[in-house]
Amino acid sequence: QMQLVESGGGSVQTGASLSLSCVASGDSITKYCMAWFRQFPGEAREGVVAIDRDGRTNYAEFAKGRFILSQDGTKNTLNLQMSNLQPNDTAKYYCAAVLPRSTWTACPLYLKGGFYYEFNSWGQGIQVNVSS
């Protein structure tokens, strides 16, 4: 399993931007299925965006047009640029990874339902607070 460390969170006002980074160690992220999740207090983690090993992405509806995922293989980093942040984006954001299983033909990108259970490497999470 990889080790993942998120950074870049903080407190901003409505409409502001933040960039989150996830630095991986222990292996190359280009071999992994990767994703960002977020979690509201008392709720399950929800998928924000996922990326497969070919660079295909899938964004949650709330993230489309506002969030941009990028991957830097040389720095082994997964970045999430978030813009036009709203108070309902306030959550703890997590980076996650999983090495594709032998039974998979592709990385999971579906974000919903059991998507959370596909991943077995997690960062500690980073808090994002958006005030009105």
Side-chain angles (χ1 to χ4, degrees):
Q1 293 185 359
M2 285 203 299
Q3 292 74 51
L4 304 171
V5 178
E6 302 96 338
S7 63
S11 297
V12 297
Q13 292 189 322
T14 298
S17 299
L18 271 179
S19 183
L20 305 183
S21 290
C22 171
V23 178
S25 58
D27 208 345
S28 171
I29 62 171
T30 60
K31 296 164 57 179
Y32 285 71
C33 308
M34 305 288 297
W36 282 95
F37 289 76
R38 68 183 187 181
Q39 188 172 24
F40 305 110
E43 297 187 19
R45 293 178 192 180
E46 64 175 9
V48 177
V49 58
I51 184 168
D52 69 10
R53 295 188 297 176
D54 294 321
R56 285 185 292 261
T57 56
N58 185 34
Y59 291 84
E61 283 300 316
F62 63 81
K64 290 178 180 177
R66 299 192 300 133
F67 295 4
I68 299 174
L69 181 72
S70 62
Q71 182 171 289
D72 188 336
T74 61
K75 296 182 179 178
N76 223 27
T77 299
L78 192 69
N79 300 306
L80 183 65
Q81 177 67 37
M82 305 185 294
S83 61
N84 191 24
L85 285 163
Q86 301 298 311
N88 58 8
D89 292 316
T90 294
K92 196 165 187 179
Y93 286 72
Y94 295 86
C95 178
V98 62
L99 200 61
R101 300 174 187 173
S102 60
T103 54
W104 289 357
T105 58
C107 288
L109 296 177
Y110 55 90
L111 298 180
K112 297 288 189 179
F115 185 63
Y116 166 88
Y117 296 103
E118 307 280 23
F119 292 82
N120 57 11
S121 292
W122 292 87
Q124 81 286 357
I126 191 86
Q127 184 67 35
V128 171
N129 296 315
V130 185
S131 59
S132 57

query = Could you walk me through whether Arg53 and Cys107 pass the side chain to side chain contact (heavy atoms under 4.5 Å, CB included) check?
reply = CA-CA 7 Å; Arg53 295 188 297 176; Cys107 288; 4.1 Å; yes

Measure the [atom1]-[atom2] distance between [X] and [Y] for me, rounded to the nearest 0.5 Å.
| X | Y | atom1 | atom2 | result |
| --- | --- | --- | --- | --- |
| Arg101 | Asn120 | CZ | CG | 6.5 Å |
| Ile68 | Ser19 | CD1 | OG | 10.0 Å |
| Ile51 | Thr57 | CD1 | OG1 | 6.5 Å |
| Asn88 | Thr14 | CG | OG1 | 9.0 Å |
| Leu4 | Ser121 | CG | OG | 6.0 Å |
| Cys95 | Phe119 | SG | CZ | 9.5 Å |

For a quick test of reading the model, state the closest non-hydrogen atom pair linking [X] to [Y] and the distance between them.
| X | Y | answer |
| --- | --- | --- |
| Lys92 | Gln124 | CE-O, 3.5 Å |
| Trp36 | Leu20 | CH2-CB, 3.7 Å |
| Glu118 | Val98 | O-CG2, 3.3 Å |
| Phe37 | Ala96 | CE1-CB, 3.9 Å |
| Asn79 | Ser21 | OD1-OG, 2.8 Å |
| Ala60 | Gly47 | CB-O, 3.6 Å |

ask   = Any idea how Trp122 and Tyr116 line up, ring-wise: parallel (<30°), tilted (30 to 60°), or perpendicular (>60°)?
value = tilted

message = If we check side chain to side chain contact (heavy atoms under 4.5 Å, CB included) with Met82, which of these qualifies: Leu18, Val12, Val48, Asp89?
response = Leu18

key: Identified side chain to side chain contact (heavy atoms under 4.5 Å, CB included) partner of Val49 from the options Leu109, Leu111, Leu69, Leu78   = Leu69

ask   = Can you list every pair that meets ring pair (Phe, Tyr, Trp, His ring centres under 6.0 Å) and has a residue in residues 70-113, with sequence neighbours left out?
value = Tyr110-Phe115

message = Quick test of your reading: applying ring pair (Phe, Tyr, Trp, His ring centres under 6.0 Å), list the pairs with at least one residue in residues 51-86, sequence neighbours left out, ordered by first then second residue.
response = none

ask   = Crowded around Gln13 CD? As in, over 12 foreign heavy atoms under 6.0 Å?
value = no

Ser11 side chain reached by Ser131 side chain, heavy atoms, under 4.5 Å = no

query = Taking side chain as C-beta onward, heavy atoms only, is Val23 less than 4.5 Å from Asn76?
reply = no

ask   = Do side-chain atoms of Asp54 reach the backbone of Arg56 as a donor and acceptor pair under 3.5 angstrom?
value = no

ask   = So, does Gln86 use its side chain to make a donor-acceptor pair with the main chain of Asn84 at under 3.5 Å?
value = yes

message = Quick one, Leu99 with Met2, criterion side chain to side chain contact (heavy atoms under 4.5 Å, CB included). Give me CA distance, side-chain angles, the key distance, then yes/no.
response = CA-CA 9 Å; Leu99 200 61; Met2 285 203 299; over 6 Å; no

task = Check the side chains of Asn129 and Gln127 for a donor-acceptor pair under 3.5 angstrom, ignoring hydrogens and angles.
result = yes

